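Data first, discussion second: the structure below is written as C-alpha coordinates.
For ligands, and for the atoms within them, numbers begin at 1 and follow the listed sequence. Keep in mind it's a predicted model, so treat the numbers as computed, not measured.
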Amino acid sequence: MSEAKPLPPILLVTGAGRGIGAATAVLAARQGWDVAINYRRDTAAAQAVADRVRAQGRRALVVQAEVDDEAQVLAMFAAIDRGLGRLSGLVNNAGVVDVAARVDEGSVARWQRMFAINVIGSMLCAREALRRMSRRHGGAGGAIVNVSSAASRLGSAGQYVDYAASKGAIDSFTIGLAREVAAEGVRVNAVRPGIVETEIHASGGEPDRAGRLGPQVPMQRAGRVDEIADAICWLLGSGASYTTGALLDVSGGR
Ligand code: NAP
(Lines give C-alpha, C1' and ligand atoms only; values in the text may rest on other atoms or scores of the structure.)
Protein backbone atom coordinates (compact mmCIF):
# COMPACT_ATOMS: atom_id res chain seq x y z
CA MET A 1 0.00 0.00 0.00
CA SER A 2 1.46 3.38 -0.96
CA GLU A 3 1.62 6.12 1.68
CA ALA A 4 -0.37 9.34 1.16
CA LYS A 5 1.84 12.08 -0.25
CA PRO A 6 2.46 14.78 2.40
CA LEU A 7 0.76 18.07 1.57
CA PRO A 8 3.12 20.90 0.55
CA PRO A 9 3.78 23.44 3.28
CA ILE A 10 1.90 26.70 2.75
CA LEU A 11 3.50 30.05 3.59
CA LEU A 12 2.22 33.62 3.75
CA VAL A 13 4.75 36.41 3.29
CA THR A 14 3.39 39.90 3.97
CA GLY A 15 4.69 42.85 1.97
CA ALA A 16 6.10 40.39 -0.56
CA GLY A 17 5.89 42.52 -3.72
CA ARG A 18 9.43 43.77 -3.36
CA GLY A 19 12.53 43.88 -1.17
CA ILE A 20 13.14 41.33 1.58
CA GLY A 21 9.60 39.93 1.29
CA ALA A 22 9.93 39.19 -2.44
CA ALA A 23 13.32 37.51 -1.96
CA THR A 24 11.88 35.42 0.88
CA ALA A 25 8.86 34.30 -1.18
CA VAL A 26 11.06 33.12 -4.05
CA LEU A 27 13.64 31.36 -1.84
CA ALA A 28 10.88 29.66 0.17
CA ALA A 29 9.37 28.37 -3.07
CA ARG A 30 12.77 26.97 -4.04
CA GLN A 31 12.77 25.17 -0.68
CA GLY A 32 9.36 23.60 -1.31
CA TRP A 33 6.79 26.04 0.05
CA ASP A 34 3.63 27.08 -1.77
CA VAL A 35 3.45 30.83 -1.21
CA ALA A 36 0.74 33.43 -0.63
CA ILE A 37 2.17 36.77 -1.69
CA ASN A 38 0.60 39.67 0.19
CA TYR A 39 0.97 43.14 -1.21
CA ARG A 40 -0.52 46.56 -0.61
CA ARG A 41 -0.24 48.74 -3.73
CA ASP A 42 1.63 47.28 -6.70
CA THR A 43 -0.33 44.41 -8.28
CA ALA A 44 2.09 43.96 -11.18
CA ALA A 45 5.08 43.62 -8.85
CA ALA A 46 3.25 41.02 -6.75
CA GLN A 47 2.25 39.11 -9.92
CA ALA A 48 5.89 39.09 -11.02
CA VAL A 49 6.91 37.54 -7.68
CA ALA A 50 4.14 34.94 -8.13
CA ASP A 51 5.58 34.07 -11.56
CA ARG A 52 8.99 33.51 -9.95
CA VAL A 53 7.38 31.25 -7.31
CA ARG A 54 5.61 29.24 -10.02
CA ALA A 55 8.88 28.95 -11.95
CA GLN A 56 10.12 26.92 -8.94
CA GLY A 57 7.26 24.47 -9.54
CA ARG A 58 5.22 25.71 -6.57
CA ARG A 59 1.76 27.23 -6.25
CA ALA A 60 1.42 30.98 -5.75
CA LEU A 61 -1.52 33.12 -4.67
CA VAL A 62 -1.44 36.91 -4.82
CA VAL A 63 -3.50 38.57 -2.07
CA GLN A 64 -3.99 42.30 -1.64
CA ALA A 65 -4.48 43.52 1.94
CA GLU A 66 -3.30 46.22 4.29
CA VAL A 67 -1.97 44.29 7.28
CA ASP A 68 -3.19 46.94 9.73
CA ASP A 69 -6.82 46.60 8.58
CA GLU A 70 -8.54 43.76 10.44
CA ALA A 71 -11.31 43.18 7.87
CA GLN A 72 -8.76 43.02 5.05
CA VAL A 73 -6.54 40.62 7.02
CA LEU A 74 -9.50 38.31 7.75
CA ALA A 75 -10.43 38.35 4.05
CA MET A 76 -6.82 37.60 3.09
CA PHE A 77 -6.61 34.55 5.36
CA ALA A 78 -9.98 33.31 4.09
CA ALA A 79 -8.70 33.67 0.50
CA ILE A 80 -5.59 31.64 1.41
CA ASP A 81 -7.73 28.93 3.06
CA ARG A 82 -9.76 28.65 -0.14
CA GLY A 83 -6.95 29.11 -2.66
CA LEU A 84 -4.05 27.18 -1.15
CA GLY A 85 -5.18 25.37 2.01
CA ARG A 86 -4.19 25.39 5.67
CA LEU A 87 -1.26 27.65 6.43
CA SER A 88 1.88 26.30 8.13
CA GLY A 89 4.21 29.29 7.80
CA LEU A 90 3.99 33.07 8.22
CA VAL A 91 6.61 35.74 7.58
CA ASN A 92 5.55 39.05 9.10
CA ASN A 93 7.65 41.19 6.77
CA ALA A 94 5.44 44.19 5.87
CA GLY A 95 6.79 47.28 7.57
CA VAL A 96 7.36 51.00 7.17
CA VAL A 97 9.81 53.66 8.24
CA ASP A 98 9.23 57.39 7.99
CA VAL A 99 11.32 60.46 7.26
CA ALA A 100 13.88 61.38 9.91
CA ALA A 101 12.28 63.15 12.86
CA ARG A 102 13.29 63.55 16.49
CA VAL A 103 10.77 62.49 19.12
CA ASP A 104 10.22 66.14 20.07
CA GLU A 105 9.15 66.73 16.45
CA GLY A 106 6.86 63.68 16.28
CA SER A 107 3.12 63.48 15.86
CA VAL A 108 0.52 61.04 17.14
CA ALA A 109 -0.58 60.37 13.55
CA ARG A 110 2.95 59.31 12.59
CA TRP A 111 3.38 57.07 15.66
CA GLN A 112 -0.06 55.50 15.19
CA ARG A 113 0.70 54.62 11.56
CA MET A 114 4.12 53.19 12.48
CA PHE A 115 2.75 51.02 15.30
CA ALA A 116 -0.43 50.05 13.41
CA ILE A 117 1.53 48.60 10.49
CA ASN A 118 4.71 47.34 12.16
CA VAL A 119 3.24 46.03 15.42
CA ILE A 120 -0.55 45.56 15.26
CA GLY A 121 -0.33 44.29 11.65
CA SER A 122 2.16 41.60 12.70
CA MET A 123 0.08 40.65 15.75
CA LEU A 124 -3.09 40.41 13.65
CA CYS A 125 -1.46 38.17 11.05
CA ALA A 126 0.10 36.04 13.81
CA ARG A 127 -3.29 35.62 15.47
CA GLU A 128 -4.91 34.42 12.25
CA ALA A 129 -1.96 32.15 11.46
CA LEU A 130 -2.11 30.58 14.95
CA ARG A 131 -5.81 29.84 14.51
CA ARG A 132 -4.75 27.66 11.56
CA MET A 133 -1.41 26.25 12.78
CA SER A 134 -1.68 25.68 16.51
CA ARG A 135 -2.59 22.21 17.77
CA ARG A 136 -4.88 24.07 20.20
CA HIS A 137 -6.97 24.92 17.15
CA GLY A 138 -6.69 21.54 15.44
CA GLY A 139 -3.72 22.57 13.31
CA ALA A 140 -0.62 20.55 12.50
CA GLY A 141 1.91 23.10 13.78
CA GLY A 142 3.98 25.66 11.92
CA ALA A 143 6.49 28.47 12.10
CA ILE A 144 6.26 32.25 12.31
CA VAL A 145 9.16 34.57 11.50
CA ASN A 146 8.83 38.23 12.39
CA VAL A 147 11.04 40.71 10.57
CA SER A 148 12.36 43.01 13.26
CA SER A 149 15.39 45.27 12.85
CA ALA A 150 18.80 45.95 14.38
CA ALA A 151 17.15 49.29 15.17
CA SER A 152 15.40 47.59 18.10
CA ARG A 153 18.72 47.43 19.97
CA LEU A 154 20.42 50.49 18.40
CA GLY A 155 17.50 52.90 18.98
CA SER A 156 17.86 55.00 15.76
CA ALA A 157 18.48 58.25 17.65
CA GLY A 158 17.98 61.37 15.54
CA GLN A 159 16.43 59.34 12.75
CA TYR A 160 13.37 57.33 13.79
CA VAL A 161 13.24 56.28 17.43
CA ASP A 162 9.55 55.48 16.87
CA TYR A 163 10.47 52.88 14.23
CA ALA A 164 13.10 51.39 16.55
CA ALA A 165 10.51 51.22 19.34
CA SER A 166 8.04 49.45 17.05
CA LYS A 167 10.69 46.83 16.30
CA GLY A 168 11.46 46.58 20.02
CA ALA A 169 7.81 45.65 20.45
CA ILE A 170 8.25 42.98 17.76
CA ASP A 171 11.19 41.51 19.69
CA SER A 172 9.14 41.25 22.90
CA PHE A 173 6.17 39.90 20.97
CA THR A 174 8.40 37.23 19.44
CA ILE A 175 9.78 36.08 22.79
CA GLY A 176 6.40 36.03 24.52
CA LEU A 177 4.47 34.40 21.72
CA ALA A 178 7.18 31.78 21.24
CA ARG A 179 6.75 30.70 24.87
CA GLU A 180 2.96 30.89 24.68
CA VAL A 181 2.64 28.46 21.77
CA ALA A 182 5.80 26.35 22.13
CA ALA A 183 3.82 23.32 23.35
CA GLU A 184 1.31 23.69 20.49
CA GLY A 185 3.67 22.88 17.64
CA VAL A 186 4.35 26.47 16.58
CA ARG A 187 7.81 28.07 16.62
CA VAL A 188 8.12 31.86 16.62
CA ASN A 189 11.38 33.65 15.83
CA ALA A 190 12.60 37.01 14.56
CA VAL A 191 15.28 38.13 12.14
CA ARG A 192 16.88 41.51 12.84
CA PRO A 193 18.37 42.82 9.58
CA GLY A 194 20.94 45.60 9.66
CA ILE A 195 21.21 47.97 6.69
CA VAL A 196 19.87 46.23 3.60
CA GLU A 197 19.67 47.58 0.06
CA THR A 198 15.92 48.01 -0.57
CA GLU A 199 13.46 50.75 -1.47
CA ILE A 200 12.52 51.28 2.18
CA HIS A 201 15.26 53.91 2.52
CA ALA A 202 13.70 56.06 -0.20
CA SER A 203 10.46 56.11 1.77
CA GLY A 204 12.52 57.37 4.73
CA GLY A 205 13.70 60.23 2.51
CA GLU A 206 17.20 58.82 1.97
CA PRO A 207 17.39 56.52 -1.08
CA ASP A 208 21.18 56.10 -0.77
CA ARG A 209 21.18 55.24 2.97
CA ALA A 210 22.54 51.73 2.33
CA GLY A 211 25.34 53.11 0.14
CA ARG A 212 26.23 55.84 2.64
CA LEU A 213 26.18 53.72 5.81
CA GLY A 214 27.33 50.41 4.33
CA PRO A 215 31.07 51.18 4.70
CA GLN A 216 30.57 51.92 8.43
CA VAL A 217 29.24 48.41 9.10
CA PRO A 218 31.92 46.06 10.57
CA MET A 219 31.67 43.94 7.40
CA GLN A 220 32.04 47.21 5.44
CA ARG A 221 28.96 46.81 3.28
CA ALA A 222 25.17 46.81 3.36
CA GLY A 223 23.36 43.48 3.26
CA ARG A 224 21.49 42.01 0.30
CA VAL A 225 17.88 40.85 0.37
CA ASP A 226 18.90 37.26 -0.39
CA GLU A 227 21.09 37.24 2.75
CA ILE A 228 18.09 38.16 4.90
CA ALA A 229 15.82 35.71 3.05
CA ASP A 230 18.32 32.92 3.80
CA ALA A 231 18.04 33.53 7.55
CA ILE A 232 14.24 33.79 7.43
CA CYS A 233 13.91 30.55 5.46
CA TRP A 234 16.28 28.75 7.83
CA LEU A 235 14.09 29.75 10.78
CA LEU A 236 10.99 28.59 8.87
CA GLY A 237 12.43 25.20 8.04
CA SER A 238 13.15 21.91 9.80
CA GLY A 239 16.80 22.90 10.34
CA ALA A 240 15.52 25.22 13.06
CA SER A 241 13.29 22.56 14.66
CA TYR A 242 14.59 23.33 18.20
CA THR A 243 14.81 27.11 17.74
CA THR A 244 12.04 29.29 19.11
CA GLY A 245 12.00 32.75 20.69
CA ALA A 246 15.29 33.58 18.95
CA LEU A 247 16.18 37.09 17.73
CA LEU A 248 18.66 36.44 14.92
CA ASP A 249 20.87 39.42 13.99
CA VAL A 250 21.70 39.47 10.28
CA SER A 251 23.53 42.75 10.23
CA GLY A 252 27.15 42.31 9.17
CA GLY A 253 28.32 42.75 12.77
CA ARG A 254 26.55 46.07 13.30
P1 NAP B 1 10.37 47.66 1.29
O2 NAP B 1 11.08 47.33 0.03
O3 NAP B 1 9.87 49.04 1.52
O4 NAP B 1 9.17 46.61 1.49
C5 NAP B 1 8.21 46.77 2.48
C6 NAP B 1 6.97 46.10 2.00
O7 NAP B 1 5.95 46.22 3.02
C8 NAP B 1 6.42 46.74 0.73
O9 NAP B 1 6.13 45.72 -0.20
C10 NAP B 1 5.14 47.42 1.22
O11 NAP B 1 4.10 47.45 0.27
C12 NAP B 1 4.74 46.54 2.37
N13 NAP B 1 3.82 47.22 3.26
C14 NAP B 1 3.99 48.40 3.90
N15 NAP B 1 2.89 48.69 4.59
C16 NAP B 1 2.02 47.68 4.38
C17 NAP B 1 0.69 47.41 4.83
N18 NAP B 1 0.03 48.25 5.65
N19 NAP B 1 0.09 46.28 4.42
C20 NAP B 1 0.73 45.41 3.60
N21 NAP B 1 1.97 45.63 3.14
C22 NAP B 1 2.60 46.75 3.53
O23 NAP B 1 11.28 47.35 2.55
P24 NAP B 1 12.21 46.14 3.04
O25 NAP B 1 13.51 46.75 3.34
O26 NAP B 1 12.14 44.97 2.14
O27 NAP B 1 11.49 45.85 4.43
C28 NAP B 1 10.93 44.62 4.79
C29 NAP B 1 11.00 44.51 6.31
O30 NAP B 1 12.37 44.53 6.71
C31 NAP B 1 10.32 45.65 7.06
O32 NAP B 1 9.62 45.13 8.18
C33 NAP B 1 11.49 46.51 7.52
O34 NAP B 1 11.18 47.24 8.68
C35 NAP B 1 12.53 45.45 7.77
N36 NAP B 1 13.91 45.93 7.77
C37 NAP B 1 14.49 46.47 6.66
C38 NAP B 1 15.79 46.92 6.72
C39 NAP B 1 16.50 47.53 5.54
O40 NAP B 1 17.57 48.12 5.72
N41 NAP B 1 15.97 47.44 4.34
C42 NAP B 1 16.52 46.82 7.92
C43 NAP B 1 15.91 46.27 9.03
C44 NAP B 1 14.60 45.82 8.95
P45 NAP B 1 3.83 48.78 -0.62
O46 NAP B 1 4.91 48.75 -1.64
O47 NAP B 1 2.50 48.55 -1.22
O48 NAP B 1 3.91 49.94 0.30
So which residues get pulled into L74's cluster when ILVMFWY side chains under 4.5 Å apart are joined, directly or through others? none
Near ligand 1, which protein residues have a heavy atom under 4.0 Å away? G15, R18, G19, I20, N38, R40, R41, A65, E66, V67, D68, N93, A94, G95, V96, I117, V147, S148, S149, Y163, K167, P193, G194, I195, V196, T198, E199, I200, H201
Indicate whether the side chain of D171 and that of S152 have a donor and an acceptor atom separated by less than 3.5 Å. yes
Considering residues at least two apart in sequence or located in another chain, which fulfil the side chain to side chain donor-acceptor pair (under 3.5 Å) criterion with R135? none
Could you check whether atom CZ of R127 has more than 12 heavy atoms from other residues, nucleotides or ligands sitting under 6.0 Å from it? yes
Only pairs at least two apart or in different chains count here, so list each ring pair (Phe, Tyr, Trp, His ring centres under 6.0 Å) that has a residue in residues 110-154. none
Donor-acceptor pair, distance only, cut-off 3.5 Å: does the side chain of R187 make one with the backbone of A240? yes
